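Down below is the structure, laid out as structure tokens.
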Amino acid sequence: MGITYENNISAEDCAKLRASAGWREVHPDQLRAGLRSSAFIVAAQDGGSTVGMARLIYDGGYVAFIVDVLVLPQYQGRGIGKAMMERVLRNLRDRLKDGYTIQVDLMSAKGKEGFYEKFGFVKRPDNVYGCGMTQRLEKKGRA
Ligand SMILES: CC(C)(COP(=O)(O)OP(=O)(O)OC[C@H]1O[C@@H](n2cnc3c(N)ncnc32)[C@H](O)[C@@H]1OP(=O)(O)O)[C@@H](O)C(=O)NCCC(=O)NCCS
């Protein structure tokens with residue numbers, strides 16, 4: 001059987017996918033809360049194992065943010081990332097009513113901008129937009 005797409009993912013699988021990309025470890029409580037509060041999740045499955053994910057944060061109104069777009073290294077380059085992005089964007093488009101606009105933002109990892117451009121995202125800054133900006137708030141302590 002080929003790759004299938006589910007709309008949920010365990011915190012453990014999410015943590016594994018994030019680790020596969022070398023991303024920072026998230027406190028398990030925060031990971032579970034983040035997944036629970038997501039507006040939409042896509043998880044790519046091969047047999048019983050999760051090989052990719054994408055996650056949508058949406059305020060229910062006019063602002064959305066796409067995060068945790070990840071495919072296991074050995075599954076990259078097979079159209080899985082594309083299939084997940086298409087599902088996330090379709091989910092968002094399905095929420096549009098006449099006269100509605102939703103601003104969809106994301107933070108591209110270095111070198112992945114071309115992947116997102118294929119779905120209509122534009123790099124910032126450009127003639128219209130300034131830079132996207134970011135910081136991390138942290139409280140030191142044991143997880
Ligand atoms: C970025 C990522 C999700 C892409 O997933 P993928 O399954 O390998 O991508 P796909 O095979 O679906 O590729 C879809 C299209 O994007 C293109 N593409 C993929 N990675 C690209 C890149 N880094 N730059 C430009 N184009 C890229 C492919 O060539 C393909 O083009 P086509 O449709 O014209 O054939 C995957 O490489 C990944 O998980 N990387 C590590 C984690 C990461 O950095 N995620 C991004 C977080 S912001």
Side-chain angles (χ1 to χ4, degrees), residues 1-96 100-143:
M1 205 170 76
I3 303 294
T4 56
Y5 296 90
E6 308 287 332
N7 296 124
N8 54 65
I9 187 169
S10 69
E12 293 71 24
D13 284 348
C14 177
K16 275 185 209 157
L17 285 169
R18 288 181 54 92
S20 79
W23 292 0
R24 75 189 163 85
E25 198 176 333
V26 175
H27 190 293
D29 293 346
Q30 287 189 288
L31 200 59
R32 278 191 294 273
L35 292 176
R36 208 168 40 238
S37 302
S38 300
F40 185 68
I41 289 173
V42 184
Q45 306 272 337
D46 184 15
S49 64
T50 304
V51 300
M53 74 172 291
R55 194 159 78 84
L56 173 67
I57 314 294
Y58 177 47
D59 69 357
Y62 56 95
V63 180
F65 200 66
I66 297 174
V67 295
D68 287 338
V69 181
L70 286 156
V71 177
L72 283 181
Q74 60 271 37
Y75 284 85
Q76 289 173 14
R78 298 197 207 171
I80 296 173
K82 180 180 180 183
M84 296 193 305
M85 281 296 293
E86 284 173 348
R87 281 165 170 78
V88 168
L89 290 170
R90 191 185 315 141
N91 177 277
L92 215 38
R93 270 195 205 96
D94 286 347
R95 299 170 191 259
L96 287 170
Y100 276 28
T101 305
I102 299 174
Q103 163 105 17
V104 192
D105 291 329
L106 58 82
M107 292 284 187
S108 176
K110 243 189 170 53
K112 308 298 182 195
E113 295 86 351
F115 169 73
Y116 293 112
E117 280 173 337
K118 288 181 181 285
F119 305 98
F121 289 88
V122 295
K123 276 189 274 195
R124 302 176 65 145
D126 66 4
N127 291 335
V128 179
Y129 301 112
C131 291
M133 295 181 73
T134 191
Q135 70 163 306
R136 280 184 187 161
L137 301 179
E138 204 173 353
K139 184 173 178 181
K140 296 280 183 204
R142 282 198 310 149

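Here the structure is a predicted model, which is why all the values come from computation and not from measurement.
Remark: of the listed residues I9, V69, V71, I9 is the sole one forming a side chain to side chain contact (heavy atoms under 4.5 Å, CB included) with L17.
I66 has its side chain within reach of L89: a pair of non-hydrogen atoms, C-beta onward, lies under 4.5 Å apart. Taking the side chain as every heavy atom from C-beta outward, Y75 and D46 approach each other to under 4.5 Å.
Taking N91 as the reference, R95 meet the side chain to side chain donor-acceptor pair (under 3.5 Å) condition, with sequence neighbours excluded. Contacts of A44 classified as side chain to side chain contact (heavy atoms under 4.5 Å, CB included), with partners at least two apart in sequence or in another chain: I3, Y5, V51, I80, M84.
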* **F121/L106 under side-chain contact (heavy atoms from CB on, under 4.5 Å): CA gap, chis, key distance, verdict** => CA-CA 9 Å; F121 289 88; L106 58 82; 3.6 Å; yes
* **Residue pair K123, D126: steps toward the side-chain contact (heavy atoms from CB on, under 4.5 Å) verdict** => CA-CA 7 Å; K123 276 189 274 195; D126 66 4; over 6 Å; no
* Would you please test K118 and M85 for side-chain contact (heavy atoms from CB on, under 4.5 Å) and show each step? => CA-CA 10 Å; K118 288 181 181 285; M85 281 296 293; over 6 Å; no
* To do: Kindly indicate, with the supporting measurements, whether the criterion side-chain contact (heavy atoms from CB on, under 4.5 Å) is fulfilled by Y58 and L92.
  => CA-CA 9 Å; Y58 177 47; L92 215 38; 4.1 Å; yes
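Looking at R18, its side chain never comes within 3.5 Å of a backbone N or O of E25 through a donor-acceptor pair. Judged by distance alone, the side chain of D105 and the main-chain N or O of F65 form no donor-acceptor pair under 3.5 Å. Side chain of Q30 to main chain of P28: no donor-acceptor pair is present (N/O by atom type, distance under 3.5 Å, no hydrogens or angles). With hydrogens and angles ignored, the 3.5 Å screen pairs no side-chain donor or acceptor of R55 with any backbone N or O of D68. Not a single donor-acceptor pair under 3.5 Å links the side chain of D29 to the backbone N or O of R32. In this structure, the side chain of S38 does not engage the main chain of I41 through any donor-acceptor pair within 3.5 Å. With hydrogens and angles ignored, the 3.5 Å screen pairs no side-chain donor or acceptor of Y116 with any backbone N or O of F119. With hydrogens and angles ignored, the 3.5 Å screen pairs no side-chain donor or acceptor of S37 with any backbone N or O of G34.
The CG atom of L70 lies 6.0 Å from the OG atom of S20; values are rounded to the nearest 0.5 Å. Separating the CE atom in M53 from the CD atom in E6 is a distance of 13.5 Å, to the nearest 0.5 Å. Considering CG of D94 and CZ of F40, their distance stands at 9.0 Å, rounded to 0.5 Å. Taking CZ of R93 as the reference point, atom CD of E86 lies at 9.0 Å (rounded to 0.5 Å).
In terms of heavy atoms, A15 sits closest to L31 at CB-CD2, 3.8 Å. Across every non-hydrogen atom of L35 and A11, the tightest pair is CD1-CA, 3.6 Å.
For the residue pair T50 / Q45, a side-chain donor-acceptor distance below 3.5 Å is found, with atom types taken as modelled.
For Q74, the CD atom is densely surrounded, since the number of other residues' heavy atoms within 6.0 Å is greater than 12.
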